[in-house]
Protein chains: 2
Amino acid sequence: MPEDRRRPTLDTLAAEVGVSRATVSNAYNRPDQLSEQLRERILRAAERLGYAGPDPVARSLATQRCGAVAVLTDTNLSTAFSDPALSITLDALSSAMDSEDHALLLLAGSAEGGPSPERVRRAQADVLVAYSLADDTPAMRAVAARGLPVVVIDSPMLAGAAMVGIDDRGGANLAAQHLLDHGHRRFAILADEIQPDQYRGPADAGRLAKIGYRVSAERFHGYRSALDAAGIGEVRTWEAGGIDATLGARGARWLLDQDPPPTALLCMTDHLAVGAAQAAAELGIQVPEELSIVGFDDSWLATQVAPRLTTIRQDLAAKGRTAGELAQRLLAGHQAGPPVQLPTELIIRESSGPAPHAQ
Amino acid sequence: MPEDRRRPTLDTLAAEVGVSRATVSNAYNRPDQLSEQLRERILRAAERLGYAGPDPVARSLATQRCGAVAVLTDTNLSTAFSDPALSITLDALSSAMDSEDHALLLLAGSAEGGPSPERVRRAQADVLVAYSLADDTPAMRAVAARGLPVVVIDSPMLAGAAMVGIDDRGGANLAAQHLLDHGHRRFAILADEIQPDQYRGPADAGRLAKIGYRVSAERFHGYRSALDAAGIGEVRTWEAGGIDATLGARGARWLLDQDPPPTALLCMTDHLAVGAAQAAAELGIQVPEELSIVGFDDSWLATQVAPRLTTIRQDLAAKGRTAGELAQRLLAGHQAGPPVQLPTELIIRESSGPAPHAQ
DNA sequence: TTGTATGCGTTATCAT
DNA sequence: ATGATAACGCATACAA
């Protein structure tokens, strides 16, 4: 077999069988448009020539559809993968989109935040899904420039994009209020990321004045609204720089080392809370007798640790599903509606309790 | 601004500025081919017209490159994501490929095993990476038909594809030999998946005669080679149907309920081993005093449980990195070399020990 | 049921 | 430095 140098195309096949390109195309895309036996002949010839079927890229150019939804994450691949919230959300997203029709194109972030603008510009996708990106990441400018339908999960805000998030502020408020109700007056806050700049350490008022992540900002201001209403002044805040439990432990060690130490610790994610609980255990501080901890997200971890975590629940699957539905709607040509905000809920478990008497 | 109905193209822009398409194209791709001021003028016009830059699909058609590597998994998205081995491998893979150049196109599996053949046919990618797929999944026929460079991780075998895996058979042999050396004679095996058919339960000789996953087959025969050499006959085997720890616990309960019960449990993954250890604890069976357990993979979990797991280590990052390098080589036009087989190593921890006296 | 003509938006080669 | 022209491989409206 002389095996031509170049890969066979529709034309090659058409010539071989002695029909037109259109007929071959129909053999693949509209079986009802030609006789069964002609189709058989064409498919057999394809097999013989090693023709793999219509080229996906050329097809995309002609149909103006890619069959892919791009997902942009803030972190690199392994960090993204290790975030259970991402898995749940994306799984729900992709099944809500009739996964037969759309593959997932992963654009993971680099050190500077989201994926590089160049990657965004070159992504072959029908929709862009931004997942918890920083507010001013360069990727978002590229996203807007693409002119594709955009769905934003959590953050950042983007005009013209469909959005789904949760009531972060309300949830955070619930968390703080829960501890206030228990008589706590000495608070500390363990934040994940405030600015996308790799900083880890105490967050001063300056940093907190311009929080780079909408979600962090909402949660912080949710805490503050409850604290302010209770007349509680400035509260020490540690920026962990990620959601790894060990980062949480590190922050907690510092916070618990302050004088006077806090009796109530507000953690912006469950992972941080777990780390904080470990740190407390190492320091011989009883939870919740001496220290109350409240997490956020009600992740899988929350019930796997002892004491089980009091936390704010959000429905990740619903968030992913909603994102998928919004994407479908955009794809169908509809305008983006107002942001969808899913509710949050306080889940009381064993990591929180009354403030110790000796205040 | 009259805002044309259709999106602007290179032509639109060329007409607007009064230059040719080629020049506009050069403005984006070869800045050195035109004067800085002309380029400026073009870019400004693009901004004004809302032209987002060259269309990625059309560019792909012209350049014959997609800028994406497709990864095919056997399971659905959330299962895939929750497998830490996948995260580590893919992360290493993508960074080994100069991630600036290639996005990750995720083709997750459905109920029947790998992704649907149709999805494979339509995937816009330069390379296909098959990750631990069943030997005869329909996806693999589509993979072969595409005629693209293919890298296989673990399984299945595919002629013409580059492959990287580990010495599963040797590792399994080590695991069994370790227990034999400790005097064990009553063995049981906890397998993850033997056939891609959702079956969960005892695996009889019939099922074990045609194992659908190369990795499972290798591990099983690795166990057997050591057992055979020691004159140990048939060994009860449970097929968990997945790598979830709860599936492992279920299988272990059945295996430990047999008469006589095994003193040595060979688990094909660490997750199953963790589940088995939990089941043993619930049944009041001491590990390792009454039951020795050996896992496989040396996953993150192995050191997180008590007792820490004796297991077979494989270097997942190296596997991913190798896969990436193989992909690069294929992309550069080289032929696939012989399969790369990474070594395994026995890691002895606390979950294994001498066989109890009362044999 | 089949074929013709045209469009999809680029890049690349070769002139000029 | 810039332009003309030919690929790239396919889908589709329309004609036959």
Side-chain angles (χ1 to χ4, degrees), chain A residues 4-43 45-46 49-67 121-126 146-148, chain B residues 4-43 45-46 49-67 121-126 146-148:
Chain A
D4 269 333
R5 182 102 296 100
R6 316 225 328 224
R7 310 190 51 174
T9 74
L10 264 192
D11 266 324
T12 325
L13 199 49
E16 170 81 9
V17 183
V19 295
S20 75
R21 288 209 298 264
T23 302
V24 177
S25 173
N26 283 334
Y28 283 95
N29 302 315
R30 310 199 178 161
D32 52 310
Q33 295 294 299
L34 33 49
S35 67
E36 186 52 38
Q37 65 180 42
L38 176 54
R39 185 173 129 91
E40 267 313 315
R41 235 174 72 216
I42 292 176
L43 263 31
L49 265 54
Y51 177 68
D55 179 279
V57 174
R59 180 205 289 261
S60 277
L61 183 59
T63 58
Q64 305 285 72
R65 303 188 55 254
C66 292
R121 271 191 285 274
R122 296 173 110 96
Q124 300 179 21
D126 301 316
R146 276 297 294 269
L148 288 178
Chain B
D4 268 335
R5 182 99 299 98
R6 316 228 327 228
R7 310 191 51 174
T9 75
L10 263 193
D11 266 324
T12 323
L13 199 49
E16 171 81 8
V17 183
V19 296
S20 76
R21 287 209 299 263
T23 302
V24 177
S25 175
N26 283 335
Y28 282 95
N29 302 315
R30 310 201 179 158
D32 53 310
Q33 295 294 298
L34 31 49
S35 66
E36 186 52 41
Q37 66 179 40
L38 176 54
R39 186 173 128 91
E40 265 313 314
R41 234 173 73 214
I42 292 176
L43 263 31
L49 264 56
Y51 177 68
D55 180 279
V57 174
R59 180 205 291 261
S60 277
L61 183 60
T63 59
Q64 305 287 71
R65 304 188 55 255
C66 293
R121 271 191 285 272
R122 297 175 110 95
Q124 300 180 21
D126 302 315
R146 277 297 295 267
L148 289 178

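Chain A is the first sequence line, chain B the second, and so forth, proteins listed ahead of strands; every chain is numbered from 1.
- Using a 4.0 Å heavy-atom criterion, one finds that B:Y28 contacts no nucleic acid atom at all.
- Across all strands, B:L10 comes closer than 4.0 Å to base atoms (heavy-atom distances).
- Among the heavy atoms of the strands lying under 4.0 Å from A:R30 are primed sugar atoms or P, OP1, OP2 only; no base atom is included.
- For the residue pair B:N29/B:R59, the side-chain donor-acceptor check at 3.5 Å is satisfied.
- Within 4.0 Å (heavy atoms only), B:V57 reaches no atom of the nucleic acid at all.
- Side chain to side chain, A:Q124 and A:S60 fail the donor-acceptor criterion of an N or O pair below 3.5 Å.
- Among the heavy atoms of the strands, none lies under 4.0 Å from B:N26.
- Closest contact between the side chain of B:P54 and the listed nucleotides C:dT10, D:dG9, D:dG3 involves C:dT10.
- Side-chain proximity of A:L61 to C:dG3, D:dA11, D:dG9: nearest is D:dG9.
- When rounded to the nearest whole Å, the span between CG of A:D55 and C1' of D:dA11 equals 13 Å.
- Side-chain proximity of A:T63 to the nucleotides D:dT12, D:dT2, C:dC8 is greatest for D:dT12.
- Between the P atom of D:dG9 and the CZ atom of B:R122 lies a distance of 18 Å, rounded to the nearest Å.
- Of the candidate nucleotides D:dT12, D:dT2, D:dC10, D:dC10 has the atom nearest to the side chain of A:Y51.
- What separates CZ of A:R21 from C1' of D:dC8 is a distance of 12 Å, to the nearest Å.
- Note on A:Q33: a base of the nucleic acid sits closer than 4.0 angstrom, heavy atoms only.
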